[in-house]
Participant: 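Handing you this structure, nothing more for now.
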Amino acid sequence: MKIGIDLLHFATADYYLGLDTFATEKHLDVDKFYIGIGQEKMSISPPDEDVVTLAAKAAAPILDQIDANEISAILFATETGVDQSKSAGVFLHGLLNLSKHCRVIEFKHACYAGAAALQMATTMVRANPKEKVLVIAADIAKYDIDSSGEATQGCGAVAMLVTASPRIIMIEPGSGYFTDDVMDFWRPNQRTTALVDGKYSTKVYLSSLKQTWDHFTEQTGRTFEDIDYFCYHIPFTKMAEKAHQTLVRKVGATLTPAEFEAQTVPSQFYNRIVGNSYSASLFMSFISLLDHIESNIENKRISFFSYGSGCVAEFFTGIMQPGYQSVLMTAEHKQKIAQRTALTYAQYLEFYYQAEQLEENIVYEPKNRGAYRLAGIENYKRYYQKNKPES
Ligand code: COA
């Protein structure tokens, strides 16, 4: 039985900060970002945007195409949770008015949780092929002002409908995985921003890739040559480039520069202009590949490397399904990215600090132009609003 992703859509914020603006503000050479880390823009969420509204914007176009009452579970992966007890997915469930006969749970392990939720969803569908599971990976990457991580912020949500007989990609059974208790990135409960040992995190990312690759080959018998395109977790696109170089070296493959680029570059376009979206970034990379590759990739094998600091990593693969092009939402994705508004550094700071004000009662000024927004907090309860449909 084939199980995998049937429909796939992403959302990001309506605003961005250009790294050219950022470089000018910090008196740095912009090539440190354009070339050094391979990033151009960071999507910036206004105070009335959170992972619930991002997730709703990502999921709504999928639900419009199916009988939404058939969703049997929401697996919501995030490390930007909005409550320590109630899962973000239940807010989403209410906002999207889904069937009461649906289970909802939040998954967390840094940027890895999206892959964990996807694997769990395939297991649920394998156990009962009637299930239709909505997997959400949504995050807002936020670091301290003037920290090394500040240039690698961003935000986004990816919604994936996981079913039997999927129209986009079948996720293949078998994967390689790896866990090690390390402190490369963490966010204690009292903080809204992550703490990171940046250079160390890039080292652990690459060593985890080597460990998961060995486990993947042992478990599945698949080789580097069996894979056509490679998607990586992308905190910044240079990281994916370094990851692929590491893998190519490890397996002793000889690739021309053109072959190397063909295997990786299409899967980086969106990430380069959206920034880090933590748990969503690997799947945004996959959507970037689908939306930018010019050739037909039916029956091609795609690999996914998920890395969550702390750390948990997994390497798995999928096979593109015949006719996948007919269900892609490429135009919507490109339009939403193109419609974002550029912020000045001062406007970015205003959003940044307003979002820190976690008061008992607050009413947010409408800034989020999407179909769903966080309207306010009353007696510590978040309340959301459905706006007119996005044009
Ligand atoms: N032109 C071209 N390249 C330049 C440059 C310029 N003017 N100035 C710097 N660079 C290069 C550096 O040589 C370096 O390349 P290298 O990594 O290949 O050596 C790169 O740009 C980054 O510069 P660096 O001085 O190392 O940046 P930094 O101290 O600001 O740290 C991170 C970069 C990624 C560690 C930092 O942004 C961070 O902590 N990010 C958050 C954590 C994260 O995303 N971790 C990833 C694993 S999950």
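Whatever order the structure lists them in is the order used to number ligands and atoms, beginning at 1.
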Participant: Is atom 2 (C) of ligand 1 touching the protein, meaning some protein heavy atom lies under 4.0 Å away?
Facilitator: yes
Participant: Among all protein heavy atoms, pick the one closest to atom 7 (N) of ligand 1 and tell me residue, atom and distance.
Facilitator: D29 OD2, 3.0 Å
Participant: Is the centre of the F304 ring less than 6.0 Å from the centre of the H233 ring?
Facilitator: no
Participant: Please determine if R191 and D144 form a salt bridge, counting it only when a charged side-chain N lies under 4.0 Å from a carboxylate O.
Facilitator: yes
Participant: What residue among V51, D83, T78 forms side-chain contact (heavy atoms from CB on, under 4.5 Å) with E106?
Facilitator: T78
Participant: Around atom 12 (C) of ligand 1, find the nearest protein heavy atom and jot down its residue, atom name and distance.
Facilitator: G36 CA, 4.9 Å
Participant: Among all protein heavy atoms, pick out the one at the shortest distance from atom 22 (C) of ligand 1; state its residue, atom name and that distance to 0.1 Å.
Facilitator: I37 CG2, 3.9 Å
Participant: Identify the closest protein heavy atom to atom 39 (O) of ligand 1: which residue and atom is it, and at what distance?
Facilitator: S148 OG, 3.0 Å
Participant: Check each heavy atom of V196 against ligand 1 and say whether those closer than 4.0 Å belong to the side chain, the backbone, both or neither.
Facilitator: side chain
Participant: Any idea which protein heavy atom is nearest atom 45 (N) of ligand 1, and the distance to it?
Facilitator: S201 OG, 2.8 Å
Participant: Within 4.0 Å of atom 32 (C) of ligand 1 (strictly less), any protein heavy atom?
Facilitator: no
Participant: Students should be able to answer this: which protein heavy-atom is nearest to atom 9 (C) of ligand 1, and at what distance?
Facilitator: K32 CG, 3.7 Å
Participant: Can you confirm whether V158 sits close enough to I136 that some side-chain heavy atom of one is under 4.5 Å from a side-chain heavy atom of the other?
Facilitator: no
Participant: Which residue holds the protein heavy atom closest to atom 40 (N) of ligand 1, what is that atom called, and what is the gap in Å?
Facilitator: T152 OG1, 3.4 Å
Participant: Which residue, H215, E314, Q211, forms the side-chain contact (heavy atoms from CB on, under 4.5 Å) with F178?
Facilitator: Q211
Participant: Specify the protein heavy atom at minimum distance from atom 19 (O) of ligand 1: its residue, its atom name, and the distance to 0.1 Å.
Facilitator: K242 NZ, 4.2 Å
Participant: Counting heavy atoms only, which part of Y143 comes closer than 4.0 Å to ligand 1: side chain, backbone, both or neither?
Facilitator: side chain
Participant: Taking the six-membered ring for Trp and the full ring for Phe, Tyr or His, determine whether the centres of F230 and F305 are under 6.0 Å apart.
Facilitator: no
Participant: Could you check whether Y177 and F216 have their ring centres less than 6.0 Å apart?
Facilitator: no
Participant: Answer yes or no: is there a side-chain heavy-atom contact under 4.5 Å between K57 and N368?
Facilitator: yes
